[in-house]
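In what follows, a single structure is set out as structure tokens and then discussed.
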Amino acid sequence: MEEIKLYKSRWRAIKLLLLSVPFVAIGIWMITDSDSSSHDRIMGWLSTCFFGLGIPISLFQFFDRRPQIIINEIGIFDRTTNQDTINWEIIEDAYLVNIHSQKFICLVVNDKFDPSKLKGKWAKKSIKVNKAFGFQELNISLGQIKIDEFKLIEFIKKMCKAEKSQRFKIIKTLR
């Protein structure tokens with residue numbers, strides 16, 4: 001089976017590391033400086049703890065080589081959605097949402113296959129909030145992936161409208 005695998009960008013992990021380390025260093029300096037007040041030490045600890053979280057996260061993302069998104073003839077699998085493969089037959093449309101430079105592909109699915117039917121009361125309420133902000137129940141985050149989101153949207157739209165026999169050819173043309 002022909003697959004397209006999209007991986008996390010290592011450059012974005014490096015950027016997170018490079019942004020975190022100076023703030024951790026400043027926080028450590030504020031903690032260890034003998035002239036600093038207790039307020040400065042508290043701010044130093046807060047800075048070190050908060051920005052220190054960026055270091056293991058960036059290292060994990062740098063070394064994590066599992067595919068984030070897998071696209072094949074059956075559908076789309078995204079590790080962040082906690083769903084199985086989203087079949088092409090249930091996808092009706094897709095569109096892009098951009099919030100503070102974080103891009104998401106929102107997948108409009110057939111009402112009969114809404115994942116929220118099996119979820120609890122709180123999940124259903126959060127889905128209503130998502131829809132109020134322009135999202136759908138199934139959203140693919142492109143924040144860690146370096147890809148032309150407009151080409152990916154067009155590709156998804158072609159795949160969900162194509163016949164099963166044509167999907168293999170469409171995937172071959174994208175490679």
Quick check for you: to the nearest 0.5 Å, what is the distance between [X] atom [atom1] and [Y] atom [atom2]?
X	Y	atom1	atom2	result
I140	I156	CD1	CD1	5.0 Å
I76	L6	CD1	CG	9.5 Å
Q144	Q68	CD	CD	7.5 Å
F104	S141	CZ	OG	4.5 Å
K164	M159	NZ	CE	12.0 Å
I42	I31	CD1	CD1	11.0 Å

(request) Would you please test R10 and R65 for side chain to side chain contact (heavy atoms under 4.5 Å, CB included) and show each step? (result) CA-CA 9 Å; R10 286 190 167 184; R65 292 292 81 204; 2.8 Å; yes
With side chains defined as the heavy atoms from C-beta onward, is the minimum distance between [X] and [Y] less than 4.5 Å?
X	Y	value
I171	E73	yes
L152	I71	yes
L96	I105	yes
K161	Q166	no

(request) Could you give me the CA-CA distance, side-chain angles and deciding distance for E92 and V108, then say whether side chain to side chain contact (heavy atoms under 4.5 Å, CB included) is met? (result) CA-CA 6 Å; E92 294 179 348; V108 180; 4.2 Å; yes
(request) Hey, could you give me each pair passing ring-ring contact (aromatic ring centres under 6.0 Å, His included) that has a residue in residues 33-64? Not counting sequence neighbours. (result)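 Listed by first then second residue: F23-F51.
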Which atoms form the tightest heavy-atom contact between [X] and [Y], and what is the distance?
X	Y	result
Q102	G143	OE1-CA, 3.6 Å
E89	R167	OE2-NH1, 2.9 Å
S20	G54	OG-CA, 3.5 Å
F168	E2	CE1-CB, 3.5 Å
L18	P22	O-CD, 3.0 Å
A162	I170	CB-CD1, 3.5 Å

Joint cluster assignment, [X] & [Y], ILVMFWY side-chain distance < 4.5 Å:
X	Y	answer
V24	L19	no
L46	L53	no
I69	I4	yes
L16	I145	no
I28	V21	yes

(request) Scan residues 24-49 for pairs that pass salt bridge (charged side-chain N to carboxylate O under 4.0 Å, His left out), counting only residues two or more places apart or in two chains. (result)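 Salt bridge (charged side-chain N to carboxylate O under 4.0 Å, His left out) check on residues 24-49 returns no pairs.
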(request) Assess whether atom NZ of K157 is packed by more than 12 heavy atoms of other residues, nucleotides or ligands within 6.0 Å. (result)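 Yes, NZ of K157 has more than 12 neighbouring heavy atoms, counting only those of other groups under 6.0 Å.
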(request) Check for a donor-acceptor pair, side chain of R12 on one end and backbone N or O of Q61 on the other, with a separation under 3.5 Å. (result)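 Looks like no, no N/O pair under 3.5 Å.
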(request) Would you check if the side chain of W29 reaches a backbone N or O of G44 as a donor-acceptor pair within less than 3.5 Å? (result)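 No.
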